[in-house]
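Quick notes on the structure that follows.
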Amino acid sequence: MKTAITHLQKQRITSILNWVSSNFVENCFTSSKTSFGSINIAQNPRLYRTKTTVSSDGYVSQVSPAIRREAQAALLEYLHSTRSLQFLDAEHMSKNSPHFIEQLLKQVQNAADIEWSIARYLRYHPINEFEPFFESLGLKPFEYRCLLPHDLMFLSDDELLLENYYVLCNYGIARSKIGKIYKQAMEVIRYDFGVLQSKLQAYEELGLNQFFISKVIVCSPYLLIGGVNAKFVEVLTILKSMGIELSWIEGNLLEQNSYNWSMIFSFLSLFSKIGFSEEQLGGLIRQHPGLIFEGSGNQVLSLITFLLKFGTTMNEIRLMFLQFPQIQVGIFFLNLKKCLMFLFEIEMELDEIGKIIRSHAMFMGSLTLKKPNSILSLLNVGRKRLCEHIQENPLEMKKWVMGSKMEPLPKSGEKERSQMLKTKFLIDVGFAENSNEMEKALKVFRGRGGELQERFDCIVKAGLDRQDVCKMIRVSPQILNQKKSVIELKIDFLVNGLGYPVSHLVIFPSYLDYTVQRIKLRLSMYDWLKDQGVAEPMLALSTIISCAQKVFMQRYVNQHPEGGQVWQNLKKQICTE
């Protein structure tokens, strides 16, 4: 016998069902682990069947393709059926927002039925639709955060955004490229109805076709800001006068790059000024599109500036570009800079480097050299000989490119000649042949044997007797390790700066071992200490200069309370001078 259900009972049943439903949803998505039927949800365990995949935009995902497809299907169903977005828009958003998909999957980890679980999650947790929307346009989360509306969640509520989005889509611009336009020209999102269409129409009125305009807009979104861009129009006019068609320009534009048409205009103007005819420049650009499209001509302008710094004339630069090799401008410039650094590292004089760059920039930019240490090792030479070898024939560098096999340079005999000259010099100044003293002196000497005599002569010419100088060398042979100009400077400072007779060098030859800065600092400090009455007067120059730094500080500087501060002040003053 059936019993009728009273109105009160109906209310109680409805209340129980509502409670079960609400608690089921709450437990499914907030508890650490809830089992109900076929759903098993946990917050932190690892997704099963994980596999690292890389999307077309470089996004690295730990989600397996199968799970990702289920999640995409659930998001598509939600966006199209529940939120009533157009199918193509919903499909593009679901398939091209990998970061958003991963965040969604974290809400239903370890579920047996991913698609059903996400669909149920979305039923009770509406999403911010602008996030997958902007990501599907090619923007990364950190790029689109500034574009997210503060008070909206649903795309349909932002009519201006969708209006301008559909204008770009209908114009033939791929959805995945629109993000770049938004990123570089944010104003486009907020154009009023009809404004964006009118801007595109303005470029069509110049005689440009829709496909060309759509590609140029992706490459240079700023063209949509303000009126028709004057520099862009001027560049097209100049290129057309050279016989370069729009189809050629279109074929050389890369949508992943951005172009500055003002800079391209500057490039064209400069090349006209340095003597290129329209025919020559047109032919050069057709042969080397990278001249204007690599960095919008900035690479070329940087290369020209580089060459001018080394004294290359504009006419030489023009001739170089007329014979420019089939290589990207950026790579050519990089190779040239590497050659410059190589010459610096082997300690070639700057004037010599300039000569080589001015006369051989073309081949230097066309090759990629091995590293300096590798070249020195493989050639089995020192830096000095390598510099001389390059100066004699710079084209030898062509043999030292990456991947080439190198043979050691033949011995020049220079080392043996230098050793023979050193030995002869030492005998002349009074060293006994094959003696221990001679052996020690030979180890001390640096540089070529021929340079020792030149340095010896400059000390004699300062006003000393030859026999006295010979005696000085036997006591302190290392004083000849300095260049002639340095020795002359120190002698001049001794005589004209300090007021000592040149003969003082005979008593204290190692004076020439110390820098002028050290001598100035020590003597200035000593003079101040004498004035303060804490240093003995008439100390020998050798006593002041030759003692160790620690000894000088303890014995002299620290004898006065203000000595340390005065020392630091003098040091700064002398270093500045």
Side-chain angles (χ1 to χ4, degrees), residues 303 305-313 316-317 320 325 331-425 442-458 477-489 515:
L303 173 59
T305 303
F306 175 87
L307 293 171
L308 289 173
K309 284 182 178 179
F310 284 96
T312 310
T313 65
E316 289 171 334
I317 290 172
M320 184 192 78
I331 295 175
F332 180 92
F333 191 20
L334 181 63
N335 287 340
L336 190 56
K337 287 188 287 187
K338 283 183 177 178
C339 284
L340 171 65
M341 293 310 299
F342 165 71
L343 297 176
F344 273 139
E345 287 204 32
I346 63 171
E347 300 171 9
M348 184 178 287
E349 295 290 336
L350 190 58
D351 288 345
E352 295 297 327
I353 292 175
K355 290 177 186 176
I356 292 172
I357 288 178
R358 286 194 297 274
S359 56
H360 295 90
M362 182 70 76
F363 92 80
M364 291 171 74
S366 305
L367 52 86
T368 304
L369 287 178
K370 296 179 188 287
K371 291 183 178 179
N373 287 342
S374 298
I375 293 174
L376 289 166
S377 175
L378 292 168
L379 293 178
N380 193 27
V381 293
R383 285 176 167 78
K384 195 161 190 175
R385 188 184 170 198
L386 185 57
C387 286
E388 293 172 351
H389 187 70
I390 293 171
Q391 289 165 19
E392 290 171 5
N393 185 10
L395 295 176
E396 281 288 296
M397 286 191 284
K398 288 184 177 181
K399 301 177 182 178
W400 309 334
V401 298
M402 295 290 289
S404 63
K405 187 177 180 181
M406 294 173 59
E407 298 291 338
L409 290 181
K411 291 185 177 181
S412 63
E414 177 62 30
K415 187 176 180 180
E416 291 75 13
R417 285 196 298 272
S418 178
Q419 190 72 2
M420 184 180 68
L421 289 173
K422 286 179 183 178
T423 303
K424 181 179 182 301
F425 171 78
L442 287 170
K443 288 179 180 179
V444 167
F445 285 145
R446 296 192 300 269
R448 296 178 180 179
E451 294 171 335
L452 297 176
Q453 188 64 52
E454 180 187 36
R455 295 165 186 173
F456 177 90
D457 291 342
C458 91
Q478 75 278 359
I479 64 176
L480 293 184
N481 282 338
Q482 303 165 83
K483 292 182 179 179
K484 176 186 173 185
S485 58
V486 175
I487 294 172
E488 289 174 340
L489 174 68
T515 64

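These values consider heavy atoms only, across backbone and side chains, with no hydrogens, waters or symmetry-generated copies.
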Spacing of CG belonging to L378 relative to NZ belonging to K370, to within rounding of 0.5 Å: 6.0 Å

CZ (F344) and CD1 (I353) are apart, to the nearest 0.5 Å, by 4.5 Å

When every non-hydrogen atom of A361 is compared with those of L336, the smallest separation belongs to O-CD1, 4.0 Å

Could you tell me if the side chain of L303 sits less than 4.5 Å from the side chain of I317, heavy atoms only? no

To the nearest 0.5 Å, atom CD of Q453 lies from atom CG of L480 at 9.5 Å

Return the NZ to SG distance between K483 and C458, rounded to the nearest 0.5 Å. 13.5 Å

Please determine if K337 forms a cation-pi arrangement with F333, meaning its NZ or CZ atom is less than 6.0 Å from the six-membered ring centre and no more than 45° off the ring axis. yes

Evaluate side chain to side chain contact (heavy atoms under 4.5 Å, CB included) for M348 paired with L343, printing each intermediate quantity in order. CA-CA 6 Å; M348 184 178 287; L343 297 176; 3.9 Å; yes

Side chain to side chain contact (heavy atoms under 4.5 Å, CB included) evaluation trace for L367 with C339: CA-CA 9 Å; L367 52 86; C339 284; 4.0 Å; yes

Closest approach of S366 to N335 (non-hydrogen atoms, all atoms of both residues): C-ND2, 4.1 Å

Is any NZ, NE, NH1 or NH2 atom of the basic residue among E352 and K355 found under 4.0 Å from an Asp or Glu carboxylate oxygen of the other? yes

Closest heavy-atom pair, G311 versus E316, reported as atoms and distance to 0.1 Å, is O-OE1, 4.4 Å

If I take atom CG from residue N481 and atom CG from residue L452, how far apart are they, to the nearest 0.5 angstrom? 8.0 Å

With rounding to the nearest 0.5 angstrom, report the CZ to CD1 distance, F342 to I390. 4.0 Å

Tabulate below the donor-acceptor pairs under 3.5 Å that side-chain atoms of residues 397-408 make, not counting sequence neighbours, or state none.
{"residue": "K399", "atom": "NZ", "partner": "E396", "partner atom": "OE2", "Å": "3.0"}
{"residue": "S404", "atom": "OG", "partner": "K399", "partner atom": "O", "Å": "3.0"}
{"residue": "S404", "atom": "OG", "partner": "V401", "partner atom": "N", "Å": "3.4"}
{"residue": "S404", "atom": "OG", "partner": "V401", "partner atom": "O", "Å": "2.6"}

Is any side-chain heavy atom of T312 closer than 4.5 Å to one of M320? no

Heavy-atom pair of closest approach, residues I356 and M364: CG2-SD, 3.8 Å

Heavy-atom check, side chain of I375 versus side chain of I346, under 4.5 Å: no

Determine the interplanar angle of the F363 and H360 rings, folded into 0 to 90°, and report it as parallel if under 30°, tilted if 30 to 60°, perpendicular if over 60°. perpendicular

